[in-house]
*Asks:* 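Before we start, here is the structure in question, set down as structure tokens.
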Amino acid sequence: MNVADLKIKNLVEYNNQIYTISEIFHNVEQAYFVKIENDIQSISVPAASIKPIKITEEWLEKLGFSRTYSSDKSIRYERPEPFIKYDIDLSSRKILEGLKIYGNAIKCKYIHEFQNIFSSLFGKETALHYGYLKTES
């Protein structure tokens, strides 16, 4: 992953497990590393070795979205804030798919991207259900 896209508290995948980034640093050779943590361990790994987590319906629910519409062409998820939606386009063209904020489409395919957008807009971290992250003000 590109270290420029990462922030502390982003969720990422490493060795098929979910981790939270707790530190971003570089060594004397200028290679970037991240310290990642989960309930089992805390380790430092090269930033290039972690993977983004793709947004799925399951992850949308963990991010506080609820399914509000479903048809044979699309599925819509909405957060409690009335201006944040995520559409899943079931057609092969995928034209309507993605995050919508105030009606504007925003490129957002991965969990860390949503976390960064939410943090930038609201000045706080997203609350994730099932214990992945807690809400912070």
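Values in this document were obtained by computation on a predicted structure and should not be read as measured data.
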*Asks:* Go through it in stages, so that I can follow the logic: the residues are T68 and E78, the test is side chain to side chain donor-acceptor pair (under 3.5 Å), and I'd like the CA-CA distance, side-chain angles, deciding distance and then a yes or no.
*Replies:* CA-CA 7 Å; T68 59; E78 297 183 39; 2.9 Å; yes
*Asks:* Could you walk me through whether F83 and Y102 pass the ring-ring contact (aromatic ring centres under 6.0 Å, His included) check?
*Replies:* CA-CA 5 Å; F83 49 85; Y102 289 111; 4.3 Å; yes
*Asks:* As an exercise, state the distance from CD of E61 to OH of Y77, rounded to the nearest 0.5 Å.
*Replies:* 4.5 Å
*Asks:* When you look at S74 and Y69, which way does the side-chain contact (heavy atoms from CB on, under 4.5 Å) test go after all the steps?
*Replies:* CA-CA 8 Å; S74 68; Y69 174 79; 3.6 Å; yes
*Asks:* Would you please test E57 and I88 for side-chain contact (heavy atoms from CB on, under 4.5 Å) and show each step?
*Replies:* CA-CA 9 Å; E57 289 188 67; I88 299 172; 3.4 Å; yes
*Asks:* Rounded to the nearest 0.5 Å, what separation is found between the CZ atom of F118 and the CD1 atom of I84?
*Replies:* 5.5 Å
*Asks:* Measure the CG-CG distance between D5 and N10 for me, rounded to the nearest 0.5 Å.
*Replies:*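 Here the rounded value is 9.0 Å.
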*Asks:* Between K62 and E58 (salt bridge meaning N to carboxylate O under 4.0 Å), is one present in this structure?
*Replies:* yes
*Asks:* Can you measure from CD1 (I8) to CD1 (I21) and round to the nearest 0.5 angstrom?
*Replies:*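 That separation rounds to 7.0 Å.
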*Asks:* D87 vs K100, test: salt bridge (charged side-chain N to carboxylate O under 4.0 Å, His left out). Steps then yes/no.
*Replies:* CA-CA 8 Å; D87 291 331; K100 313 285 188 296; 3.5 Å; yes
*Asks:* Please report the shortest heavy-atom distance between P80 and G64, naming the atom on each side.
*Replies:* CD-O, 3.5 Å
*Asks:* Going by heavy atoms in the side chains, are L90 and K73 under 4.5 Å from each other?
*Replies:*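 No. Closest side-chain heavy atoms not under 4.5 Å.
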*Asks:* Using the rule given for side-chain contact (heavy atoms from CB on, under 4.5 Å), can you reason through I18 versus N38, listing the C-alpha separation, both sets of side-chain angles and the distance that settles it, and then say yes or no?
*Replies:* CA-CA 7 Å; I18 304 299; N38 63 16; over 6 Å; no
*Asks:* For the residue pair F33 and F25, does the interplanar ring angle fall in the parallel (under 30°), tilted (30 to 60°) or perpendicular (over 60°) class?
*Replies:* parallel
*Asks:* Locate the shortest heavy-atom distance separating K109 from E113; write the atom from each residue and the value.
*Replies:*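 Closest heavy-atom pair between K109 and E113: N-OE1, 2.7 Å.
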*Asks:* For Y110 and H112, take the angle between the two ring planes, folded into 0 to 90°, and tell me which bin it lands in: parallel under 30, tilted 30 to 60, perpendicular over 60.
*Replies:* parallel
*Asks:* Rounded to the nearest 0.5 Å, how far does CG of L99 lie from NZ of K85?
*Replies:*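 Interatomic distance, K85 NZ to L99 CG, rounded to 0.5 Å: 10.5 Å.
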*Asks:* Under the side-chain contact (heavy atoms from CB on, under 4.5 Å) test against I111, which residue among L11, L60, T56 passes?
*Replies:* L11
*Asks:* Run C108 and I55 through side-chain contact (heavy atoms from CB on, under 4.5 Å) and show every step you take.
*Replies:* CA-CA 8 Å; C108 183; I55 292 177; 3.9 Å; yes
*Asks:* Side chain of Q115, backbone of K9: donor and acceptor closer than 3.5 Å?
*Replies:* yes
*Asks:* How long is the span from the CD1 atom in I43 to the OG atom in S22, to the nearest 0.5 Å?
*Replies:* 10.5 Å
*Asks:* Does I53 belong to the same Ile/Leu/Val/Met/Phe/Trp/Tyr cluster as Y86, with side-chain heavy atoms less than 4.5 Å apart forming each link?
*Replies:*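 Yes: a chain of side-chain contacts under 4.5 Å links I53 to Y86.
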*Asks:* Could you tell me whether the side chain of K51 reaches within less than 4.5 Å of the side chain of V12, counting heavy atoms only?
*Replies:* no
*Asks:* Between the main-chain N or O of S91 and the side-chain N or O of D89, is there a donor-acceptor pair closer than 3.5 Å?
*Replies:*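 A pair under 3.5 Å: yes.
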*Asks:* Are a donor atom and an acceptor atom from the side chains of K7 and S119 found within less than 3.5 Å of each other?
*Replies:* yes
*Asks:* What is the ring orientation for Y14 with Y19, classed by angle as parallel under 30°, tilted 30 to 60°, or perpendicular over 60°?
*Replies:* perpendicular
